[in-house]
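As the structure is a prediction and not an experimental result, all values here were calculated from the model. Naming: A, B, ... by sequence-line order, numbering from 1 per chain.
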Amino acid sequence: MNYQYKKEFRHHLVDWFNREKRDLPWRRTSDPYKIWVSEVMLQQTRVDTVIPYYNRFLEKYPTMQSLAYAPQEELLKMWEGLGYYSRARNLQAGVKEVVEKYNAVVPDNRHDLSKLKGIGPYTAGAILSIAYNKPEHAVDGNVMRVLSRVLHIEDDIALPKTRKVFEEAVDMLIDEEHPGDFNQAIMDLGAMICTPTSPKCLLCPVRDYCIAFHEGDTEQLPLKSKKTKTKKVKYEVYVAVDEQGNYLLEKRPSEGLLANMWQFPMIELTKDVAKDTFEKQYNVHIKKYVNKDLLKFKHIFSHLTWEMECILVQVKQLEHLPDNVHFYSIEKIKELPMPVMMLKILNVLN
DNA sequence: AAGACGGGGAA
DNA sequence: TTCCCAGTCTT
């Protein structure tokens, strides 16, 4: 690709961006911290989903100091419903490190930035190009889709090593004068024009430079192999209430799926009786089955499916409860961070 | 390289 | 259903 060609491509792309770009909250600031927050929230998450979370989050944590020392329970509550909760914990750890090690100045180079928790190659490039105007690549799903079509790259984007191919492509094409605009322009193009299915090529500012458009195979790109195979697990969920009307809640372990989030006790439904396991594990006695069919639903994660059968039981507490298990009033429960499938259960209780 | 890690919107 | 979303971390 010759110099003139690249120059025209860049200008068409950036000019289009300056005409058509969406007015998003994180585009009204140049504060690296706020850009950072937005980029973490946007990982595997749609813009429309992020906007209200972003606004609430920065209202609560306007500075890195305010986030660095916030209680994790409160932090997770702010993230509740957004998913991938380790993002919140990693963001806080990263921000804390910047406050303490870098005197609250977000690093402006890829080497230091990449060492921070939750900042991978994409997020580092996004912060550097958008907040610091550095000519750094920021390759996400949009960029791979757009450039696989424009340059007709047929590498399998499901393979980790393919990311490097696109990083080199961006390094070749990037507008050194407006790197932030260039990176965001490709992402906006991917979101609005160069969509996964039925791309709007007639509205595309760079269709003259797009090989796939000329070949007529935009819909075949990008190439992606991996298939998703999800396991299925059945659970009996015990919504257990005591004489005072308090409900039995459990805090999940600090690592793994939905770490540190709260839930109603759930017992994996295998061949044996869940009742005995529940009573023994939580040290309670079921006095009465109030509703054996409180709620039934599926919850689908990216890698597994939970089939939930929720029953309402009245219980009496025996001796002491295990750690991480408590009886709480409805009002108190509403202050705890809970995954969405537990919020669904909470909703049918009143 | 492959799997874990949420939740929702669109086809 | 299936795919994908402004990906990162762990093994």
Side-chain angles (χ1 to χ4, degrees), chain A residues 17 21-22 24-27 35-54 76 79-91 93-94 113-131 137-146 156-164 166-167 170 180 182-192 194-199 219 222 224-231 252-253 255-261 263 297-306 337-344:
Chain A
F17 178 70
K21 64 181 167 191
R22 293 168 289 180
L24 303 171
W26 45 90
R27 287 184 175 163
I35 306 289
W36 182 1
V37 170
S38 75
E39 290 302 338
V40 171
M41 287 187 170
L42 286 161
Q43 290 167 7
Q44 296 293 285
T45 311
R46 291 190 155 69
V47 165
D48 292 337
T49 305
V50 166
I51 291 174
Y53 282 91
Y54 173 85
L76 286 175
W79 210 270
E80 182 183 80
L82 198 51
Y84 285 142
Y85 299 96
S86 65
R87 288 184 295 176
R89 292 181 295 138
N90 288 337
L91 174 61
L113 219 39
S114 299
K115 283 197 268 189
L116 299 172
K117 288 279 196 327
I119 298 192
Y122 164 76
T123 305
I127 293 172
L128 290 170
S129 62
I130 298 170
H137 56 72
V139 173
D140 69 340
N142 283 315
V143 173
M144 290 199 283
R145 182 174 58 257
V146 170
D156 182 357
I157 66 166
L159 300 178
K161 63 173 180 181
T162 301
R163 198 191 71 233
K164 192 159 63 72
F166 288 93
E167 288 173 348
V170 173
F182 179 87
N183 283 338
Q184 293 182 88
I186 299 194
M187 293 191 263
D188 262 25
L189 193 67
M192 301 192 287
C194 198
T195 47
T197 57
S198 43
E219 295 265 22
K224 187 172 186 180
S225 62
K226 258 183 234 167
K227 300 284 180 273
T228 50
K229 45 183 191 294
T230 63
K231 285 169 290 189
R252 293 178 62 86
E255 293 191 350
L257 185 61
L258 304 171
N260 288 339
M261 305 286 279
Q263 66 181 17
F297 64 95
K298 272 188 213 174
H299 187 82
I300 302 166
F301 298 92
S302 42
H303 60 301
L304 59 93
T305 298
W306 283 359
M338 299 177 82
V340 164
M341 95 282 295
M342 292 295 157
L343 295 174
K344 287 180 191 166

Please classify the nucleic acid contact of [X] as base, sugar-phosphate, or nothing, using heavy-atom distances under 4.0 Å.
X: A/Thr123; result: sugar-phosphate
X: A/Lys344; result: nothing
X: A/Trp79; result: nothing
X: A/Val143; result: nothing

- Using atom types as modelled and distance alone, determine if a side-chain donor or acceptor of A/Gln263 lies under 3.5 Å from a backbone N or O of A/Met338.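 No, A/Gln263 side chain to A/Met338 backbone: no donor-acceptor pair under 3.5 Å.
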May I have the distance from [X] (atom [atom1]) to [N] (atom [atom2]), rounded to whole angstrom?
X: A/Asp188; N: C/dA6; atom1: CG; atom2: P; result: 9 Å
X: A/Ile51; N: C/dC5; atom1: CD1; atom2: C1'; result: 14 Å
X: A/Lys224; N: C/dC3; atom1: NZ; atom2: P; result: 9 Å
X: A/Leu76; N: B/dG6; atom1: CG; atom2: P; result: 11 Å
X: A/Leu257; N: B/dA4; atom1: CG; atom2: P; result: 10 Å
X: A/Arg46; N: B/dA11; atom1: CZ; atom2: P; result: 10 Å
X: A/Met144; N: C/dC3; atom1: CE; atom2: P; result: 16 Å
X: A/Phe301; N: B/dG8; atom1: CZ; atom2: P; result: 11 Å

- Message: For A/Asn90 and A/Ser302, find the nucleotide of DNA chain C closest to each by heavy atoms; which residue's nucleotide sits nearer the 5' end?
- Response: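 Comparing both residues, the 5'-ward one is A/Ser302.
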- Item | Heavy-atom donor-acceptor pair, A/Tyr122 side-chain to C/dG7 base, under 3.5 Å |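 Result: no qualifying N/O pair found.
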- Any N/O donor-acceptor pair, A/Thr45 side-chain to B/dG6 base, under 3.5 Å: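 Pair found.
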- Message: Can you tell me how far apart CZ (A/Arg87) and CE (A/Met41) are? Round to the nearest 0.5 Å.
- Response: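 So the gap between those two atoms works out to 8.0 Å.
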- Measure the spacing between NE2 of A/His137 and NZ of A/Lys164 and express it to the nearest 0.5 Å.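 Separation between the atoms: 10.5 Å.
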- Item | Nucleotide nearest A/Tyr85 (side chain, heavy atoms from C-beta), chosen from C/dC5, B/dG7, C/dA6 |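 It is B/dG7.
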- Query: Nearest of B/dG6, C/dC4, C/dG7 to any side-chain atom of A/Arg87?
  - Reply: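 Selected nucleotide (nearest to the side chain): B/dG6.
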- Query: Given the P atoms of B/dG8 and C/dT8, what is the spacing between them in whole Å?
  - Reply: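 Roughly 22 Å separates the two P atoms.
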- What interatomic distance, in whole Å, is found between C1' of B/dG3 and the corresponding atom of C/dA6?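 22 Å, rounded to whole Å.
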- Item | A/Glu39 side chain to A/Tyr122 side chain, donor-acceptor N/O pair below 3.5 angstrom |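 Their side chains do contain a donor-acceptor pair, which is all the 3.5 Å distance test asks for.
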- Between C/dG7 and A/Gln44, is there an OP1 or OP2 to side-chain N/O distance shorter than 4.0 Å?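 The answer is yes; a side-chain N or O of A/Gln44 sits under 4.0 Å from OP1 or OP2.
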- Task: Taking atom NZ of A/Lys344 as the centre, report whether more than 12 heavy atoms of other residues, nucleotides or ligands fall under 6.0 Å from it.
- Result: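 Yes, enclosed.
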